[in-house]
Student: 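First, the structure itself, so that you have it in front of you.
Remember, it's 1-based here, ligands and their atoms both numbered in the order they're listed.
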Amino acid sequence: MTDSSSGSGLGSILVINGGSSTLKFALFRIGAVPVPELSGSIDRIGTPNGTITWVRGDTGTAERRTITASDHVACLEPLLACIKDHLAQTPLVAIGHRVVHGGRYREPQLVTPAVMEELQRLRGYDPEHLPAEIELIREFAGRYPHLPQVACFDTAFHADMPGVARLLPIPRRYGKVGLQRYGFHGLSYAFLMRELERVGVPHEVNGRIVLAHLGNGASLAAVKDGQPVDTTMSFTPTSGLPMSRRSGDLDPGLMAYLARTEGMSVDQFHTMVNAESGLLGISETSSDMRDLLKQEPHDPRAADAIELFCYQAKKWIGAFTAALGGLDTLVFTAGIGEHSPVIRARICDGLEYLGVALDHTRNEAGAPVISNDNGRVTVRVMHTDEESEIARSVSERLGEPKQ
Ligand code: ADP
């Protein structure tokens with residue numbers, strides 16, 4: 001593999017999205033608009049039946065192999081073997097990482113010792129994702145010490161939210177040391193805003209917009225005049241909407257109650273709200289929306305989980321419409337938002353008073369615009385692409401003059 005630090009000319013950018021039990025990766029050819037060459041994922045990390053799956057951008061052909069990767073760092077060998085042939089033709093010039101929590105960083109950062117020190121300091125903010133992300137950056141730095149790495153943060157999109165949307169209502173001293181509402185899924189939101197500028201009617205991007213990223217992780221963001229106004233997630237990605245396994249917002253009194261009555265520890269509470277709650281917790285069977293929709297007709301627990309998810313999403317859309325002073329565009333994206341007409345319809349049902357009116361044929365077809373022609377609000381279905389947002393940020397950073 002070529003280890004080039006030139007940062008210019010032809011080359012590839014490797015994008016790593018590696019904070020959870022699945023490691024996603026993608027290779028892009030560098031350019032003003034980076035071109036995807038290959039994308040893949042490593043699943044079931046830490047089990048004996050891990051798999052690496054990848055798809056070539058040019059031919060669309062997919063391959064899959066069984067691997068054993070005890071942890072994220074152990075994923076590197078199979079990953080590098082998978083991209084070796086591509087890199088023989090187009091050398092690697094940089095690596096971009098998705099970093100879920102960037103604290104107060106407002107934009108992507110070229111990884112330096114100072115950035116690593118700050119990420120270490122933030123570890124405790126997001127023990128679900130940051131430790132593995134930091135390890136991966138370190139491992140790549142050890143192998144390719146001259147290759148620039150860029151950390152791209154899910155929090156950065158929301159950095160300019162108004163002060164009132166960032167404040168946590170706890171003693172002020174905590175705000176001074178960084179305990180505040182941050183928001184996440186920012187790489188997805190940044191990508192969607194760019195896409196909206198491309199596909200929307202003139203000035204739509206400057207309107208009052210609610211973006212609904214509904215995947216395993218789910219959140220909504222409110223944007224006005226291109227500026228972030230509010231978002232459902234807060235200090236950690238556990239908050240906001242109920243998700244596949246995360247609880248979303250809870251009464252803060254619950255933790256003390258469970259500690260008193262069941263002797264629940266902090267770690268047990270953490271596991272409960274991050275891995276055993278949300279759709280899985282309510283349905284007691286699955287964290288996957290497709291499964292729940294199949295079970296719904298004969299399992300009232302699945303029906304409850306779906307109803308709660310749609311009800312909470314609807315409530316947040318209403319709340320954000322109030323924060324925005326009205327609504328012009330509603331965007332659905334990610335696994336559930338992009339692919340489930342029935343969930344979109346249930347969320348929008350009852351929002352007619354805001355001007356949200358779906359065309360059911362368009363919705364069933366997953367058309368780019370699913371609102372009817374009389375609705376005041378344009379309701380869109382969009383594909384999001386966090387990896388390409390990272391590749392674009394890395395490309396931009398490489399193009400900047402050296403300090
Ligand atoms: P992640 O947040 O892990 O990237 P995704 O964005 O892929 O997750 O979303 C996964 C969720 O999307 C799962 O709950 C899955 O069931 C749901 N999903 C995907 N396709 C459909 C569909 N056609 N109908 C309903 N839900 C779907």
Student: In the protein, what heavy atom is nearest to atom 17 (C) of ligand 1, and what distance, to one decimal place, separates them?
Tutor: I336 CG1, 3.5 Å

Student: Do me a favour and list the nearest non-hydrogen protein atom to atom 27 (C) of ligand 1 with residue, atom name and distance?
Tutor: R290 CG, 3.6 Å

Student: Please work out, at 4.0 Å between heavy atoms, whether the side chain, the backbone, both, or neither of K24 comes within that distance of ligand 1.
Tutor: side chain

Student: Give me each pair satisfying ring pair (Phe, Tyr, Trp, His ring centres under 6.0 Å) with a member in residues 335-381, each pair once, sequence neighbours excluded.
Tutor: none

Student: Does H203, at its NE2 atom, have more than 12 non-hydrogen atoms belonging to other residues, nucleotides or ligands within less than 6.0 Å?
Tutor: no

Student: Who's the nearest protein heavy-atom neighbour of atom 5 (P) of ligand 1, and how far?
Tutor: G335 N, 3.7 Å

Student: A side-chain contact here means heavy atoms from C-beta on lying under 4.5 Å apart; do E338 and T384 qualify?
Tutor: no

Student: Of the protein's non-hydrogen atoms, which lies at the shortest distance from atom 23 (N) of ligand 1, and what is that distance?
Tutor: H339 O, 3.2 Å

Student: Quick check: does any side chain N or O of T232 sit under 3.5 Å from a backbone N or O of L220, one acting as donor and the other as acceptor?
Tutor: yes

Student: Give the residue, atom name and distance (to 0.1 Å) of the protein heavy atom nearest atom 16 (O) of ligand 1.
Tutor: D288 OD1, 2.5 Å

Student: What residue and atom, counting heavy atoms only, is the protein's closest point to atom 25 (C) of ligand 1, and at what distance?
Tutor: S340 CB, 3.4 Å

Student: What protein heavy atom lies closest to atom 14 (O) of ligand 1? Include the residue and the distance to one decimal.
Tutor: M289 N, 3.0 Å

Student: Using a cut-off of 6.0 Å, state whether more than 12 heavy atoms not belonging to Q120 lie near its atom CD.
Tutor: yes

Student: Hey, which atoms in ligand 1 end up nearer than 4.0 Å to a heavy atom of G217?
Tutor: 2 (O)

Student: Among all residues two or more places apart in sequence or in another chain, which pass the ring-ring contact (aromatic ring centres under 6.0 Å, His included) test with H158?
Tutor: Y189

Student: Would you say S244 touches ligand 1, if touching means a heavy atom closer than 4.0 Å?
Tutor: no

Student: H97 and E133: side-chain donor and acceptor closer than 3.5 Å?
Tutor: no

Student: For T285 and Q295, run side chain to side chain donor-acceptor pair (under 3.5 Å): C-alpha distance rounded to whole Å, both residues' side-chain angles, the deciding distance at 0.1 Å, then the answer.
Tutor: CA-CA 9 Å; T285 57; Q295 290 158 10; 2.9 Å; yes

Student: Quick test of your reading of the structure: of N17, I343, N216, I306, whose heavy atom lies closest to atom 3 (O) of ligand 1?
Tutor: N216

